[in-house]
S.K.: 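Sharing a structure below in structure tokens format, with a few things to ask.
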Number of protein chains: 2
Amino acid sequence: MSIDLRPSQALGLWHAATLEHLRIIGPDLTIRQMAILLHIYLAPPPHTVRGLAARLGVTKPVITRALDTMGAMSLVKRVRDDRDKRNVIIKRTVEGALFVEKLGDIIIAEGRKLPDRDGARA
Amino acid sequence: MSIDLRPSQALGLWHAATLEHLRIIGPDLTIRQMAILLHIYLAPPPHTVRGLAARLGVTKPVITRALDTMGAMSLVKRVRDDRDKRNVIIKRTVEGALFVEKLGDIIIAEGRKLPDRDGARA
DNA sequence: AAAGCTTGTTACGGTACCGTTTCATGGTGA
DNA sequence: TCACCATGAAACGGTACCGTAACAAGCTTT
């Protein structure tokens, strides 16, 4: 199930997908925000501020601010945990799911487009 | 030569590689800077400010600032074009080549590690 | 050589991120 | 009940990005 990439393929894929990401989505998300968003949508819930901070190796305010920003974009939403009201559960949204799906489409499309030539020579 | 990814693979790879990128490299590069850096190292030279701006669909000051930042990190360097002294040719550096190579290693490693289970349910 | 175009840089005001610290709120254990 | 701990948010000063506009320096054209 794992995929085996050659260096030129790996970097070519990253390069192309990053360009497409910028073209379609814009520069509005930082790498950290991307990581947080992907984690919320790909790792099994529930997600909390503390849990995300620990998993990503950042401080809690980083998560709080990222949730502020991405919440304003409707990519995620916050819900208080009723069982422990100190907790905030981060929920997925329809917009966020579409966003992540679009990102996946970009990667898949760029993977298919990978050229035959070896474009990576550093 | 192209690679065919399923959605869960594409997003899983992106997710894992983004996390590793943050863990190893840190949050010091924006998505735009990543795109610029990869373009410099993967697309055939010569690279100019204007050319990069056109290719990436951004304004020239964005490129100038990115070159300032990445130059301070020794990831790229600027050289005046002797034939047309208005031009600046962006050159690769040893540090930058190592950086890009490390990024490739991360992607390859995460591709190999992709799990059997379908981790993507949005 | 003087006007005009091209190239890359700098300046400006605004916005958003960063890490650290402080805080309000809610649960927990003696 | 009353310290005490845990959680997430807000405040603070600093830094770096953003887009637009203005700019200096170098070709080019007549």
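Every heavy atom of this structure was used, including side-chain atoms; hydrogens, water molecules and symmetry mates were not. Protein chains get the first letters and strands the later ones, always in sequence-line order, with residue 1 at the start of each. Keep in mind that this is a model prediction, so the values were computed, not measured.
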S.K.: Write down the distance between CG (B:D68) and C1' (D:dC17), rounded to a whole number of angstrom.
M.R.: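 It is 12 Å, rounded to the nearest whole Å.
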S.K.: Provide, to the nearest angstrom, the distance between the CG atom belonging to A:L67 and the P atom belonging to D:dT7.
M.R.: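 Distance check: A:L67 CG to D:dT7 P gives 16 Å.
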S.K.: Atom CD1 of B:I89 to atom P of C:dT7: distance rounded to whole Å?
M.R.: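 Roughly 12 Å, once rounded to whole Å.
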S.K.: Quick one: does any side-chain atom of B:R112 pair with a main-chain N or O of A:S2 as donor and acceptor, under 3.5 Å?
M.R.: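 No.
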S.K.: If you assign each of A:T59 and A:D28 to its closest nucleotide in DNA chain C, which residue comes earlier from the 5' end?
M.R.: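 Nearest-nucleotide comparison on DNA chain C picks A:D28.
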S.K.: Any side-chain to backbone donor/acceptor pair from A:H47 onto A:I40? Under 3.5 Å, distance only.
M.R.: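 Side chain of A:H47 to backbone of A:I40: a pair is present.
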S.K.: Once you round it to whole Å, what is the distance between P of D:dC18 and CG of A:L29?
M.R.: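 So the CG-P distance, A:L29 to D:dC18, works out to 14 Å.
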S.K.: Distance check needed: D:dG8 P versus A:I90 CD1, whole Å only.
M.R.: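 Rounded to whole Å, this separation is 7 Å.
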S.K.: Find the distance A:M34:CE to C:dC17:C1' and express it as a whole number of Å.
M.R.: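 From A:M34 CE to C:dC17 C1': 17 Å.
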S.K.: When the distance from CZ of A:R50 to P of D:dC5 is rounded to whole Å, what number comes out?
M.R.: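 The answer, rounded to whole Å, is 14 Å.
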S.K.: Closest approach of B:A35 and A:L19, non-hydrogen atoms and distance?
M.R.: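 Here B:A35 and A:L19 meet closest at CB-CD2, 4.1 Å.
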S.K.: Mind listing the closest non-hydrogen atom pair of A:S74 and A:E95 along with its distance?
M.R.: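 For A:S74 versus A:E95, the nearest heavy atoms are O-CB, 3.4 Å.
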S.K.: Can you check the A:I36 CD1 to C:dC17 C1' distance for me, whole Å?
M.R.: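 About 12 Å, once rounded to whole Å.
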S.K.: Give every residue pair that meets the salt bridge (Lys or Arg N to Asp or Glu O under 4.0 Å) criterion with at least one member in residues 66-80 of chain B, sequence neighbours excluded.
M.R.: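 Matches after skipping sequence neighbours: B:D68-B:R78.
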S.K.: Between C:dC17, D:dG8, C:dG8, which one does the side chain of A:V49 approach most closely?
M.R.: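 Looking only at heavy atoms from C-beta outward on A:V49, the closest nucleotide is D:dG8.
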S.K.: Describe, in one word, how the ring planes of B:F99 and B:H21 are oriented to each other, choosing from parallel (under 30°), tilted (30 to 60°) and perpendicular (over 60°).
M.R.: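 If you compare the ring of B:F99 with that of B:H21, the planes turn out perpendicular.
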S.K.: Which heavy-atom pair separates A:W14 from B:A17 by the least distance, and what is that distance?
M.R.: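 Reported closest heavy-atom pair: CH2-CB, 3.3 Å.
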S.K.: Would you tabulate the pairs of protein nitrogen or oxygen atoms and nucleotide nitrogen or oxygen atoms of nucleotides 11-16 of chain D closer than 3.5 angstrom?
M.R.:
none

S.K.: Determine whether a donor-acceptor pair (N or O, by modelled atom type, separation under 3.5 Å) exists between the side chain of B:T48 and the backbone of B:N87.
M.R.: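 Not at all, since once roles are kept as given, no pair shorter than 3.5 Å links the two residues.
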S.K.: Would you say A:I31 and B:I31 make side-chain contact, with heavy atoms under 4.5 Å?
M.R.: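 With C-beta onward as the side chain, the pair touches.
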S.K.: Check whether any side-chain nitrogen or oxygen of B:R32 sits under 4.0 Å from OP1 or OP2 of D:dG19, and answer yes or no.
M.R.: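 Answer yes for this pair, as a side-chain N or O of B:R32 is under 4.0 Å from OP1 or OP2.
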S.K.: Within less than 4.0 Å of OP1 or OP2 of C:dT9, is there a side-chain N or O belonging to B:T64?
M.R.: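 Yes, because at least one side-chain N or O of B:T64 sits under 4.0 Å from OP1 or OP2 of C:dT9.
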S.K.: With the sugar-phosphate defined as primed atoms, P, OP1 and OP2, and the base as all remaining atoms, what B/S/- string results for nucleotides 25-30 of chain C, 5' to 3', for protein heavy atoms under 4.0 Å?
M.R.: -BS---
S.K.: State whether A:N87 places a side-chain N or O below 4.0 Å from either non-bridging phosphate oxygen (OP1 or OP2) of D:dG8.
M.R.: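 Affirmative; the distance criterion is met.
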